[in-house]
Amino acid sequence: MSRKARAVIDLDAIRHNYRLAKSMAPQGRALAVVKADAYGHGAVVVANALNQDADAFAVACVEEAVSLRENGIEKPILLLEGFFDGEDLKAVQEYNLWTAIHDLGQIESLKNWHGSQPTQAWLKIDTGMHRLGIPPELTRSAFEQLSSLPHISEVVLMTHFSCADELDNPATHDQIDCFNRACDGLNAARSMANSAGTLGWFDALADWQRPGLMLYGASPFVGSHPFGDKLRKAMSLRSEIIAVRDIPPGDVVGYGATWMAEQSTRVGTVAMGYGDGFHRQAISGTPVMVNGQMTKIIGRVSMDMITVDLTGLTGVNIGSDVEFWGETLTLDEVAPWYDSVPYTLTTCLTPRVHREYLNR
Ligand SMILES: *Cc1c(COP(=O)(O)O)cnc(C)c1O
């Protein structure tokens with residue numbers, strides 16, 4: 001019998017969410033962001049599921065891009081952080097990758113590069129995030145230098161938002177204005193929006209959107225949102241009850257004896273722990289569904305197991321189904337209980353969690 005800790009992933013939901021991203025700007029195109037193993041959903045399977053629809057894919061680094069190519073993905077793939085050395089640049093050539101350019105040094109490297117296949121360069125402008133990108137005032141000069149290189153077929157202008165998930169935060173307006181001023185008069189496609197930009201900021205919808213999180217069904221916004229609510233949940237994290245016991249009031253549960261029963265309590269032990277990438281920050285009280293009924297985690301998360309309160313639940317036995325997040329209990333809802341955000345909850349799942357795919 002295999003371990004029951006598993007992530008059930010609905011590929012139809014991911015296709016639906018990609019189409020929603022595209023529908024926000026019907027003339028626009030969208031890079032499906034599948035970095036970090038598609039936020040823990042399995043990059044190769046997700047990319048194959050989107051292969052018909054996707055205009056292009058985006059990953060963080062060369063290794064991720066090579067893995068997609070070696071598994072048959074032929075659509076364009078953008079390296080969101082570009083190349084870092086000569087080896088990377090060789091891979092750009094060999095695997096026919098698009099590359100971000102976020103630093104003038106990378107333009108110098110490209111001048112000395114004699115790639116035989118022309119490729120796209122995505123010139124990244126730092127409009128306020130201050131992580132990657134060239135200063136806005138250097139945009140024209142960098143654009144002209146890049147455009148003049150014989151092995152650069154097209155230059156796309158891009159920037160990245162720091163606060164687009166906060167719909168009342170004026171920083172995004174400032175970033176959009178800064179970007180539009182920097183790009184003024186340059187004849188090139190443009191790209192600003194991550195998921196939050198795509199769903200929440202019409203002014204950010206340019207030629208290319210770059211949805212990541214939303215593909216997997218999590219809304220970037222806190223609370224209800226007219227477009228965020230149209231997303232379909234892609235992952236359900238599940239396992240099973242492997243032991244049941246009754247304890248009297250005053251007894252404690254788990255490492256550090258952090259939880260004490262106030263009444264007679266039925267305790268269920270579940271095959272799921274931080275060895276599966278399940279966040280140890282989950283506190284007693286974190287909601288969980290057992291056999292379709294809402295209850296809570298009690299005691300500390302350990303490496304291979306966690307304990308849940310089964311008191312008053314019906315029909316629960318060894319082998320009963322446990323859902324940590326999914327359709328009913330959404331990632332957005334549970335993330336704060338883990339002192340976390342949806343991004344990390346799925347991305348941190350380890351290979352020990354089986355990925356089961358629906359609608360391949
Ligand atoms: C990760 C990433 C994205 C996707 O962001 P989400 O918030 O997950 O939609 C878009 N653009 C860049 C440059 C990124 O690094």
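Note that the structure is predicted; figures quoted are calculated from it, not measured. Indexing begins at 1, ligand by ligand and atom by atom, following the structure's order.
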Yes or no on side-chain contact (heavy atoms from CB on, under 4.5 Å) for I241 and L310, after CA distance, side-chain angles and deciding distance?
CA-CA 10 Å; I241 301 282; L310 302 180; 4.0 Å; yes
Closest non-hydrogen protein atom to atom 12 (C) of ligand 1, residue and atom name please, with distance?
H160 CE1, 3.4 Å
Minimum-distance protein heavy atom relative to atom 15 (O) of ligand 1:
K35 NZ, 2.8 Å
Minimum-distance protein heavy atom relative to atom 5 (O) of ligand 1:
N194 CB, 3.5 Å
To the nearest 0.1 Å, how far is atom 8 (O) of ligand 1 from its closest protein heavy atom, and which atom is that?
Y39 OH, 2.5 Å
Which residue supplies the protein heavy atom nearest to atom 11 (N) of ligand 1, what is that atom called, and how far is it?
R210 NE, 2.9 Å
Can you confirm, on distance only, whether ligand 1 has an N/O atom lying under 3.5 Å from any N/O atom belonging to G212?
yes
Examine the side chains of T295 and D309 and answer whether a donor and an acceptor come within less than 3.5 Å of each other.
no
Closest non-hydrogen protein atom to atom 7 (O) of ligand 1, residue and atom name please, with distance?
Y343 OH, 2.6 Å
Which heavy atom in M235 sits nearest to a heavy atom in W325, and how many Å separate them?
SD-NE1, 3.6 Å
For ligand 1, which atoms, with element, lie under 4.0 Å from some heavy atom of K124?
13 (C)
If you scan protein heavy atoms around atom 9 (O) of ligand 1, the nearest is S195 OG, 2.5 Å
So, applying salt bridge (charged side-chain N to carboxylate O under 4.0 Å, His left out) with D55, which one of R210, K75, R29, K22 is it?
K22
Do L97 and L149 belong together in a cluster built from hydrophobic side chains that touch within less than 4.5 Å?
yes
Would you call the rings of W98 and W208 parallel, tilted or perpendicular, where under 30° means parallel and over 60° means perpendicular?
perpendicular
For R352 and T350, which I'm curious about, is there any donor-acceptor pair between the side chains at under 3.5 Å?
no
Side chain or backbone, does L213 bring an N or O within less than 3.5 Å of an N or O on ligand 1?
yes
